Asker: 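Mind looking over this structure? Questions follow.
From a predicted model like this one, the values you see are computed outputs, not experimental measurements. Counting starts at 1 for both ligands and their atoms, following the listed order.
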Amino acid sequence: MSEQKLKVLVIGSGGREHAIVKSCLKSPIVGEVVAAPGNGGVAADARCLPLDVTDVDATVKLALSEKIDFAIVGPEVPLCLGVTDALQAEGITVYGPNKAGAQLEGSKVFTKDFLNKYSIPTALSHTFRSGQESEAVQALSQYSYPVVIKASGLAAGKGVIIAQTQEEATAAIKDMLSGEMFGDSGSEILIEEFLDGEEASITIMVSGDQYVYLPAAQDHKRIGEKDSGPNTGGMGAYSPAAVVTDEIQKQVVTRVIEPTLNGLIAEGIDFRGTLFIGIMIVDGVAKVLEFNVRFGDPETQVLLPQLETDPISIMLDCAKGTLNAESVVVKPGYAMVVVVAAKGYPDAYPKGELIEFPADVPENVSIIHAGTKLTNEKTIVSNGGRVLGVTAFGKTLKEASVDAYKICDTIKWDSKYYRRDIGYRQLNREQ
Ligand code: AMP
Ligand code: GLY
């Protein structure tokens with residue numbers, strides 16, 4: 001660890017990045033934090049600079065002109081575009097994998113080939129490219145329904161269609177391969193067996209062959225209570241998730257994490273950043289649904305508060321190759337985040353509505369901003385579908401839930417909407 005405190009750049013504008021900025025403010029190694037572009041809540045905690053995060057050159061220029069020591073990349077798009085490689089080329093230390101490593105999220109076909117090559121458990125699948133519509137439709141006869149059709153490239157979390165019938169599957173294949181649905185991201189697709197089980201998010205912070213295993217989390221992807229209605233970016237999460245038992249964790253470590261990190265090294269990929277592993281537990285077996293190469297959103301909001309060790313120091317050690325995973329300490333307890341969204345999300349929803357916040361928020365609770373904007377009058381207005389995330393930490397999951405919901409209830413704006421049942425599976429089991 002350097003004596004001199006670091007000037008840190010946090011790239012991104014969501015709840016995940018606000019949570020990272022908050023960790024920076026508490027970190028003993030951070031002297032100053034700059035966020036780009038940030039959001040209304042981040043602006044209250046850090047200096048925000050405008051940035052199009054898909055513009056790698058502009059990101060490098062900003063980092064150089066700000067004399068940034070350490071950049072933390074939140075979202076996947078800049079990672080897949082090679083922002084890490086570009087920043088590193090200028091001598092800037094970066095948390096977040098290089099372009100080669102980011103393929104684990106940027107290409108589902110790359111990942112499926114990787115998983116199969118290293119015998120890592122995953123759903124059975126077939127790959128097709130544009131021009132192979134009829135072969136793809138024919139292959140459907142080998143699957144039962146529902147069947148999963150996936151665009152290989154990045155599609156802002158929308159590239160997965162769970163088709164209930166052959167007609168739906170055929171339409172999805174055609175729409176994706178023609179480029180109509182996801183442009184180039186759909187020029188390669190996977191047809192995949194549907195896995196019926198319980199989903200969990202495993203997050204590790206990686207530095208080559210070293211890693212820190214963070215507590216497992218469970219997200220709630222559907223907009224409605226009891227997991228009903230359309231998929232969203234995530235409506236709330238809690239951690240540790242008991243569905244990842246010690247036995248499942250052992251399996252994930254030996255059958256997924258170890259072969260993945262060894263496989264990356266064998267492929268010549270020096271991975272330094274977050275590896276988020278979406279798993280489905282089917283009859284006691286953990287299978288990989290997807291890899292992401294960045295922290296989950298909203299999972300980050302429940303993972304960082306559980307770390308006794310300074311998360312920014314862990315990120316820096318991952319980036320520099322000085323990680324000592326054994327020294328990382330996780331606090332006992334439970335964290336929950338409830339996402340407070342704008343009514344209408346994930347379809348059309350209003351923006352620009354004034355948000356009123358409670359005067360006092362207890363120390364174990366924090367209000368993380370995702371889709372908000374600071375106005376010229378210094379008020380905060382809604383500016384996205386997922387607007388806020390209320391995170392609480394407690395001795396039990398019940399305590400965390402009660403404290404998070406108390407604050408959700410006191411936040412006010414016209415189109416406020418949130419699920420009231422985050423953590424219901426585990427809470428029901430505990431009763
Ligand atoms: P992915 O982007 O691959 O994680 O897919 C997004 C979501 O689709 C996952 O979080 C799962 O809920 C669901 N999903 C993806 N693949 C499968 C599958 N093979 N079986 C069942 N659900 C899936
Ligand atoms: N919460 C799921 C994700 O970040 O991809």
Asker: To the nearest 0.5 Å, tell me how far Glu167 CD sits from Tyr145 OH.
Answerer: 8.0 Å
Asker: Can you report which non-hydrogen protein atom sits closest to atom 4 (O) of ligand 1, along with the distance?
Answerer: Glu290 CD, 2.6 Å
Asker: Can you tell me if Ala237 has a non-hydrogen atom under 4.0 Å from ligand 2?
Answerer: no
Asker: Number the atoms of ligand 2 from 1 as they appear, then name those within less than 4.0 Å of a heavy atom of Arg294, with their elements.
Answerer: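 Near Arg294, the atoms of ligand 2 are 3 (C), 4 (O), 5 (O).
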Asker: For atom 21 (C) of ligand 1, state which one of Ile191, Leu195, Thr111, Asn292 supplies the nearest heavy atom.
Answerer: Leu195
Asker: Under the 3.5 angstrom rule, does the side chain of Arg255 hit a backbone N or O of Ala286 as a donor-acceptor pair?
Answerer: no
Asker: Can you tell me which portion of Val160 lies within the under-4.0 Å heavy-atom range of ligand 1? Options are side chain, backbone, both, or neither.
Answerer: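 Val160 to ligand 1: side-chain contact only, backbone stays beyond 4.0 Å.
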Asker: Could Lys395 and Tyr334 be counted as a cation-pi pair, given that NZ or CZ must be under 6.0 Å from the ring centre and within 45° of the axis?
Answerer: no
Asker: Between atom CG of Leu303 and atom OG of Ser239, what is the distance when rounded to the nearest 0.5 Å?
Answerer: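 Reported value, rounded in 0.5 Å steps: 5.0 Å.
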Asker: Is the side chain of Thr372 donor-acceptor paired with the backbone N or O of Gly41 at a distance under 3.5 Å, no angle test?
Answerer: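 Flag set: sc Thr372 to bb Gly41 pair under 3.5 Å.
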Asker: Checking a contact table here: which protein heavy atom is nearest atom 23 (C) of ligand 1, and how many Å away?
Answerer: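 Result: Leu289 CD2, 3.8 Å.
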Asker: Would you mind listing which atoms of ligand 1 come within a distance below 4.0 Å of any non-hydrogen atom of Lys150?
Answerer: 3 (O), 15 (C), 16 (N)
Asker: Look at the side chain of Glu105 and the backbone N and O of Val293, then say whether any donor-acceptor pair between them is shorter than 3.5 Å.
Answerer: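 Side chain of Glu105 to backbone of Val293: a pair is present.
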Asker: At a non-hydrogen distance cut-off of under 4.0 Å, which region of Glu290 contacts ligand 2 (side chain, backbone, both, or neither)?
Answerer: neither
Asker: For the backbone of Gly14 and the side chain of Glu17, can you confirm whether one donor and one acceptor N or O come within less than 3.5 Å of each other?
Answerer: yes
Asker: Tell me: protein heavy atom nearest atom 22 (N) of ligand 1, and distance?
Answerer: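 Going atom by atom, the protein heavy atom closest to atom 22 (N) of ligand 1 ends up being Met280 CE, 3.8 Å.
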Asker: Measure the distance from atom 13 (C) of ligand 1 to every protein heavy atom, then report the residue, atom name and distance (to 0.1 Å) of the closest one.
Answerer: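 Ranking protein heavy atoms by distance from atom 13 (C) of ligand 1, first comes Ile162 CD1, 4.1 Å.
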Asker: With a 4.0 Å cut-off on heavy atoms, is Arg16 touching ligand 2?
Answerer: no
Asker: Sub-3.5 Å donor-acceptor pair from the side chain of Gln251 to the main-chain atoms of Glu247, do we have one?
Answerer: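 Between the backbone of Glu247 and the side chain of Gln251 there is no qualifying donor-acceptor contact (under 3.5 Å).
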Asker: Just going by heavy-atom distances, which of Glu192, Glu199, Glu105 is nearest to atom 9 (C) of ligand 1?
Answerer: Glu199
